[in-house]
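Working notes for the structure below.
Every value quoted in this text rests on a predicted model; they were computed, and no experiment measured them. Each chain gets a letter, A, B and so on, in the order its sequence line appears, and its residues count up from 1.
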Number of protein chains: 2
Amino acid sequence: MDQTHDTDLRIEHSPTTLRELAVERLRNAIISARFNGGDRLVERTLCDQLGVSRSVVREAIRVLEAEGLVETMPRSGPVVAALDWPRARQIYDIRRLLEADAAAACARKADARVHARLQAALAALEVAVGEGVASRTRDTTTAFYEVIFTSAGHDIAWEIVKRLNGRISRLRALTLASTNRRIAGPVHMARICEAICRSDPRAAEQAVRDHLDDAAEIAHSLLIETP
Amino acid sequence: MDQTHDTDLRIEHSPTTLRELAVERLRNAIISARFNGGDRLVERTLCDQLGVSRSVVREAIRVLEAEGLVETMPRSGPVVAALDWPRARQIYDIRRLLEADAAAACARKADARVHARLQAALAALEVAVGEGVASRTRDTTTAFYEVIFTSAGHDIAWEIVKRLNGRISRLRALTLASTNRRIAGPVHMARICEAICRSDPRAAEQAVRDHLDDAAEIAHSLLIETP
DNA sequence: TTTGGTATGTTGGTATTCCATAATACCGAA
DNA sequence: TTCGGTATTATGGAATACCAACATACCAAA
């Protein structure tokens, strides 16, 4: 409410180019496991399903390709990227580095306003977990982390983490659904939130690491039997 | 030469689609500062310059957009992304995390073969620096890091770092050209290489951090006067 | 100088067409 | 029956032409 004076009355330019919509739809379809790893993405079929032209579909596929959700083999067209444990493991390792760093930075520089936002995000998350709707849980979890990253000034790291999350989101859907996770998840988040509000970077870092170790272990047990 | 048996006899599918060529050309044009930050990228003009159709150009732009090299405002078209110090700083911070981790992992698990490859890469880098050709220096530096990341099994982190490097490559061109850098760079690399060959993860980590602190400082001095 | 309107350029998006190739089906001869 | 070759189809890669919406610059009038 301070330096946003000019943007306040700015007309909300519908950020919805058709292509972005298509990207979003496709991304959700992959994340929600409606498409499975290895599935082919036939352009002309997607045109019908999405009701858009082929150029839009193709550009959307390029975007998803760059996000790592889709892989295109030279002559055989795009397929949904498969996820094995070695890759998932790497993703969790990278998240651990970036998120721990962001949480520490956040704990160091957050003020009361940030604390409030964080607690609000945590409350929303707990409600969503209570409801038991996977997509809501995912979104509120994302929102919680978004507060941490952006308030720490780690915009670019947040972009990266968002992208990585897309790639392991099918796992997340499963891990978030697992019963012990539904309890452990919010507890970990609460620890993170509390450490940040206490301005204790080391504790925040450690809480993030514990949380991710936990998530990675569940993912591991899920992936090790179904390669 | 161990688990690559099946890929060895695989036919090398020429990966040269027109679009990939276009992406490469445009990326190089941006990296080599032939296009400057804020420059508009008019589709039809690029069609003429590249000698390809609009669909190719547009898909190429989507890829570069996802790489963070260009930004597209809804109705006003793509522009070359500008780089300011806050962003560059974030990029260096992330690289510090990922590269230090990779170097440590590499030092932990590298065998004699990796050591040899690393030393070869270092030698090539020293030659390139001696020649003083910016692009050669860039490529050999990249090759050096590639050995570290891939031998550590950090493929995904390497993808991320490559992308980040694209975004700060214009700076790199300048930092690599600066005279004290031409001496300090290889010295740092040699320290990294030596620590890895000594299987000393902590030292490798520290050498990487020193190297990046140095690079970041040069970038800082370059960016602080020309926002 | 400000206001209002106009002209032009550019993007977002669509439709249509052609070509090259991979995969598949098919078919005849040994 | 099996092998080797051929026809067909499905699909991606690419080019082109077209339109509507919007942005920008410019120009004219008050």
Side-chain angles (χ1 to χ4, degrees), chain A residues 6-7 9-27 29-30 35-67 69-82, chain B residues 6-7 9-27 29-30 35-67 69-82:
Chain A
D6 38 42
T7 63
L9 61 155
R10 181 176 213 89
I11 200 157
E12 256 321 313
H13 238 311
S14 66
T16 41
T17 87
L18 216 44
R19 165 178 18 106
E20 286 180 63
L21 276 181
V23 169
E24 205 174 320
R25 293 291 176 87
L26 289 176
R27 191 192 288 124
I30 295 175
F35 293 142
N36 295 321
D39 281 5
R40 292 189 58 186
L41 296 174
V42 180
E43 293 178 2
R44 287 168 171 93
T45 309
L46 293 179
C47 290
D48 293 344
Q49 294 176 334
L50 293 171
V52 296
S53 77
R54 226 177 127 200
S55 9
V56 174
V57 168
R58 292 187 55 125
E59 290 180 37
I61 286 179
R62 296 305 149 239
V63 175
L64 296 174
E65 200 179 350
E67 284 185 23
L69 285 176
V70 168
E71 284 170 356
T72 298
M73 257 87 92
R75 277 277 177 255
S76 77
V79 298
V80 177
Chain B
D6 42 294
T7 63
L9 60 156
R10 180 171 220 94
I11 287 181
E12 260 317 316
H13 255 308
S14 72
T16 40
T17 92
L18 217 45
R19 164 180 20 105
E20 288 180 61
L21 278 180
V23 169
E24 205 174 320
R25 293 291 175 86
L26 287 177
R27 190 193 289 124
I30 295 175
F35 293 142
N36 295 321
D39 282 5
R40 291 189 60 185
L41 295 175
V42 180
E43 293 176 1
R44 276 157 175 104
T45 309
L46 293 179
C47 291
D48 293 344
Q49 293 176 335
L50 294 171
V52 296
S53 79
R54 228 179 123 203
S55 8
V56 174
V57 167
R58 295 192 53 149
E59 289 180 38
I61 286 179
R62 293 308 147 236
V63 175
L64 296 174
E65 198 179 351
E67 284 184 23
L69 284 178
V70 314
E71 286 169 355
T72 299
M73 257 94 91
R75 280 280 173 210
S76 78
V79 298
V80 177

### Query
So which heavy atom on B:N36 is nearest to which on B:V80, and how close?
O-CB, 3.4 Å

### Query
Should A:L64 and A:E67 count as side-chain neighbours, where that means a heavy-atom distance under 4.5 Å?
yes

### Message
Can you confirm whether B:R27 is buried at CZ, in the sense that more than 12 heavy atoms of other residues, nucleotides or ligands lie under 6.0 Å from that atom?
### Response
yes

### Shortest non-hydrogen separation from A:R19 to A:V56 and the atoms involved
CA-CG1, 3.8 Å

## Note on the structure
Heavy-atom closest pair (A:E43 atom, A:V57 atom, distance to 0.1 Å) is O-CG1, 4.1 Å

#### Entry: Nucleotide-resolved protein contact map, nucleotides 10-20 of chain D, B/S/- at heavy-atom distance under 4.0 Å
-BBBBBB-B--

